Amino acid sequence: MATSTLRRLSSQIHRLPSISPFTKSIVTRSSTTAVASSAPRTSSARVSDRIVKLFAIDPEGQKREIVGLSGQTLLKALTNHGLIDPASHRLEEIDACSAECEVNIAQEWLQKLPPRSYDEEYVLERNSRARVANVHSRLGCQVVITPELQGMVVAVPEPKPWDTP
């Protein structure tokens with residue numbers, strides 16, 4: 001009802017000769033914005049629809065529930081819950097990775113993630129310090145949370161000695 005009233009008023013205003021074209025354009029934009037805002041919201045517009053609950057096993061072995069948002073990196077969700085030191089990875093880019101960005105993903109969730117990029121493989125190999133690379137290792141900054149990852153289990157290893165100040 002309010003939408004039809006807005007449209008009717010907008011059309012009446014456009015017919016007035018004394019209104020400038022600029023004012024008419026403002027009225028048109030305002031009425032279309034009001035119509036759009038009165039329409040039902042899409043599911044991606046609400047934060048509650050973007051929440052993804054994950055489980056993280058901290059270095060002490062405690063299983064903790066963490067909450068992330070769809071589209072956010074796993075690193076951001078882990079730093080928000082105090083599991084990874086934010087100072088260890090300041091830029092959210094692969095070039096700034098340290099061994100603290102490395103997490104271990106449970107086997108059943110590995111297939112739901114995209115494969116490692118060449119850069120991610122390189123950083124993981126560099127951080128392994130001549131150890132055998134772990135197939136479950138991923139960089140938290142390279143894993144993007146999606147709704148399909150609801151319930152994923154991630155292990156946060158303790159910091160490597162060469163990464164602690």
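All heavy atoms count here, side chains included; hydrogens, waters and symmetry mates do not. Every value quoted in this text rests on a predicted model; they were computed, and no experiment measured them.
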Self-check item: Chi angles and distances behind the side chain to side chain contact (heavy atoms under 4.5 Å, CB included) call for Ser137, Val103
Solution: CA-CA 6 Å; Ser137 292; Val103 295; over 6 Å; no
Quiz item: Thinking salt bridges, do Glu102 and Arg138 make one under a 4.0 Å N-O criterion?
Solution: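 Arg138 and Glu102: not salt-bridged.
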Practice problem: State whether Glu121 and Arg116 are salt-bridged, where the test is any N-O pair (Lys NZ or Arg NE/NH1/NH2 against Asp/Glu carboxylate O) under 4.0 Å. | Solution: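 Judged by the 4.0 Å cut-off on N to carboxylate O distance, Glu121 and Arg116 do form a salt bridge.
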Quiz item: Rounded to the nearest 0.5 Å, how far apart are CZ of Arg50 and CD of Gln72?
Solution: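 It is 7.5 Å, given to the nearest 0.5 Å.
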Practice problem: Look up atom CG in Leu74 and atom OG1 in Thr79, then write down how far apart they are to the nearest 0.5 Å. | Solution: 9.5 Å
Quick one: closest heavy-atom pair of [X] and [Y], and the distance?
X: Trp109; Y: Gln150; value: CH2-O, 3.1 Å
X: Leu75; Y: Cys101; value: CD1-SG, 4.3 Å
X: Ser70; Y: Pro147; value: OG-CD, 3.3 Å
X: Leu78; Y: Ala56; value: CD2-CB, 4.0 Å
X: Pro59; Y: Pro157; value: CG-O, 4.0 Å
X: Leu149; Y: Leu54; value: O-CD2, 3.2 Å

Quiz prompt | Co-membership, hydrophobic cluster, residues Leu124 and Val144, 4.5 Å side-chain | solution =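 The answer is no; the residues belong to distinct hydrophobic clusters.
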Quiz item: Is there a path of hydrophobic side-chain contacts, each under 4.5 Å between heavy atoms of I, L, V, M, F, W or Y residues, that connects Val153 with Val135?
Solution: no
Self-check item: Working for side chain to side chain contact (heavy atoms under 4.5 Å, CB included), residues Ile57 and Val154
Solution: CA-CA 6 Å; Ile57 301 171; Val154 178; over 6 Å; no
Self-check item: Min side-chain heavy-atom separation Asp58-Arg64 under 4.5 Å
Solution: yes
Exercise. Could you walk me through whether Leu69 and Ile145 pass side chain to side chain contact (heavy atoms under 4.5 Å, CB included), step by step?
Key: CA-CA 7 Å; Leu69 295 176; Ile145 298 173; over 6 Å; no
Quiz item: Within a radius of less than 6.0 Å around OH of Tyr122, do more than 12 heavy atoms belonging to other residues, nucleotides or ligands occur?
Solution: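 Incorrect, the count does not exceed 12.
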Quiz item: Can Val52 and Val67 be said to form a side chain to side chain contact (heavy atoms under 4.5 Å, CB included), step by step?
Solution: CA-CA 6 Å; Val52 179; Val67 176; over 6 Å; no
Self-check item: Check: Leu139 main-chain N/O paired with Glu120 side-chain donor or acceptor under 3.5 Å
Solution: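 Such a contact is found between Glu120 side chain and Leu139 backbone.
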Quiz item: Quick check: does any side chain N or O of His81 sit under 3.5 Å from a backbone N or O of Ile66, one acting as donor and the other as acceptor?
Solution: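 No, His81 side chain to Ile66 backbone: no donor-acceptor pair under 3.5 Å.
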